[in-house]
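Order of the sequence lines sets the chain letters (A, B, ...), proteins ahead of strands, with each chain counted from 1. Atom set for the values below is all heavy atoms of this structure, side chains included, hydrogens, waters and symmetry mates excluded. Treat the numbers as computed from the prediction; the structure is a model and nothing was measured.
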2 protein chains.
Amino acid sequence: MLTKLQDRGSRMTSHRLALLRIMAVSEGHPNAAQLYEKLREQFPTISLATIYKTLLVLKEDGQVFEIDMHNDSHYDGNKPYPHPHLICNKCGDIIDGDDVSFLDAIGQEIQEKYNFQIAQSQLLFYGVCQNCQS
Amino acid sequence: MLTKLQDRGSRMTSHRLALLRIMAVSEGHPNAAQLYEKLREQFPTISLATIYKTLLVLKEDGQVFEIDMHNDSHYDGNKPYPHPHLICNKCGDIIDGDDVSFLDAIGQEIQEKYNFQIAQSQLLFYGVCQNCQS
DNA sequence: GTGGTATTGATAATTATTCTCCATAGATAA
DNA sequence: TTATCTATGGAGAATAATTATCAATACCAC
Ligand SMILES: [Mn+2]
Ligand SMILES: [Mn+2]
Ligand SMILES: [Zn+2]
Ligand SMILES: [Zn+2]
């Protein structure tokens with residue numbers, strides 16, 4: 001947790017701990033602005049730039065995964081590795097879409113068919129979630 | 001081609017034809033800035049805003065597919081429907097990753113397991129392409 | 001505790017994309 | 001062909017998420 005950070009010459013600060021804790025508790029996929037609002041409850045003088053810098057450090061450290069959405073990145077601190085996301089066009093909810101079979105198979109196939117070495121992936125499905133279909 | 005546009009009250013202009021033709025010929029995945037440079041050869045006074053407006057119209061008309069990349073959207077006029085893309089971290093090349101099995105299976109699985117009605121998808125794989133592995 | 005350095009906060013800068021508004025050009029019918 | 005109506009184009013301003021700058025501060029090894 002903090003060992004990896006320090007190996008890279010980074011420090012574990014109260015801000016970074018708090019941000020990780022919020023993500024672990026919320027189980028959601030917040031964006032920078034939402035994390036900013038949450039963190040302001042504990043650190044009223046925190047800056048939005050600090051949120052971005054913290055997210056960058058934690059991302060490079062492999063502790064959060066960035067969901068690369070159009071002009072509004074969201075973050076996952078619970079599953080800090082590539083996995084599919086289902087994004088509802090009605091309510092905006094972002095649902096984890098892991099436990100999907102064939103994912104490894106697709107990676108394998110791309111690797112072989114195109115001789116492409118996959119390092120990362122962004123798998124986004126847009127549509128209507130269960131709740132919004134009523 | 002122009003029938004669909006006119007049904008929606010849109011007009012087929014020389015700009016729109018030229019943009020579609022450039023995409024069809026290039027077989028690539030240009031972004032707005034690259035299309036702007038190309039189109040300026042034919043229309044020296046064209047504006048970048050016109051590129052964006054044209055791309056929006058053609059996208060809504062189902063004639064181009066937008067690849068939703070982080071702060072730099074690219075467009076596909078040859079396969080104007082969702083399909084995977086392989087993006088090289090070294091040379092920046094964007095490779096079509098269709099003809100991949102299991103894609104329909106994954107869509108099916110998400111539909112069933114999460115009861116999620118898929119309307120669109122962005123499947124991006126980042127890594128190193130064949131040419132850049134030497 | 002002290003000192004060196006990473007981090008923070010305030011704010012400016014960046015950059016892709018969108019908006020505004022008037023002039024212009026495409027379609028349609030006379 | 002010509003008139004008319006309206007979508008489109010061009011120029012530049014506006015927007016908004018993200019990044020850069022830099023002096024003050026907090027972390028941590030000693
Ligand atoms: Mn997730
Ligand atoms: Mn493509
Ligand atoms: Zn929903
Ligand atoms: Zn390459």
### Task
Could you check how far CZ of A:Phe43 sits from P of C:dT7, rounded to whole Å?
15 Å
#### Entry: Main-chain N/O of A:Ile46 paired to A:Thr50 side chain as donor or acceptor, under 3.5 Å
no
#### Entry: Candidate nucleotides D:dG10, C:dA27, D:dT18, ranked by approach to the side chain of B:Arg11 - the nearest
C:dA27
### Query
Which ones in residues 26-34 of chain B lie close to DNA chain D, meaning a heavy atom under 4.0 Å from one of its atoms?
none
### Query
C:dA16 P sits how many Å from B:His74 NE2, rounded?
11 Å
### Message
When you measure from the side-chain N and O atoms of B:Thr45 to the phosphate of D:dG10, is any distance below 4.0 Å, counting only OP1 and OP2?
### Response
yes
### Query
Touch check for B:Leu56, heavy atoms < 4.0 angstrom, all strands: base, sugar-phosphate only, or nothing?
nothing
### Query
Between B:Ser14 and B:Asn71, who's closer to the 5' end of DNA chain D by nearest nucleotide?
B:Ser14
### Query
Does some side-chain heavy atom of B:Arg40 sit less than 4.5 Å from a side-chain heavy atom of B:Thr45?
no
### Task
Check every atom of C:dA27, C:dC19, C:dT11 against the side chain of B:Ala49 and return the nucleotide holding the closest atom.
C:dC19
### Query
Hey, does A:Gln42 have a side-chain heavy atom less than 4.5 Å from the side chain of A:Ser14?
no
## Note on the structure
Rounded to whole Å, the CG-C1' distance (A:Asp68 to D:dT18) equals 12 Å
### Task
Answer whether the closest heavy-atom distance between the side chains of A:Arg11 and A:Leu5 falls below 4.5 Å.
no
### Message
Without decimals, in angstroms, what is the distance between B:Asp72 CG and D:dA16 C1'?
### Response
17 Å
### Message
Whether B:Tyr52 contacts C:dT18 is assessed here as follows: a side-chain N or O lying under 4.0 Å from the phosphate OP1 or OP2. Is that the case?
### Response
no
### Message
Checking A:His83 against A:Asp76: is there a side-chain donor and acceptor pair closer than 3.5 Å?
### Response
yes
#### Entry: Separation of C:dT15 P from B:His70 NE2 (nearest whole Å)
13 Å
### Message
Which is more 5' along DNA chain D, the nucleotide nearest A:Met69 or the one nearest B:Thr50? Just name the residue.
### Response
B:Thr50
### Message
Please report the distance, rounded to the nearest Å, between NZ in B:Lys53 and C1' in C:dG26.
### Response
16 Å
### Task
For D:dT8, take OP1 and OP2 only and decide whether either is under 4.0 Å from a side-chain N or O of B:Arg16.
yes
### Query
What's the CG-P distance between A:Leu48 and C:dT14, to the nearest Å?
19 Å
### Query
Within the pair A:His15 and C:dT8, is there a side-chain N or O less than 4.0 Å away from OP1 or OP2?
yes
### Message
Whole angstroms only, please: what is the CG-P distance between A:Leu17 and C:dT8?
### Response
11 Å
#### Entry: Short side-chain to backbone donor-acceptor contact, A:Gln133 and B:Asn115, under 3.5 Å
yes
### Message
Does D:dG9 have its OP1 or OP2 closer than 4.0 Å to a side-chain nitrogen or oxygen of B:Thr13?
### Response
yes
### Task
Applying ring-ring contact (aromatic ring centres under 6.0 Å, His included), name anything that partners A:His29, two or more places apart in sequence or on another chain.
A:His85
### Task
Return no unless some side-chain N or O of A:Ser73 is found under 4.0 Å from OP1 or OP2 of D:dA17.
no
### Query
Looking at side-chain heavy atoms only, is the closest gap between B:Leu39 and B:Ile51 below 4.5 Å?
yes
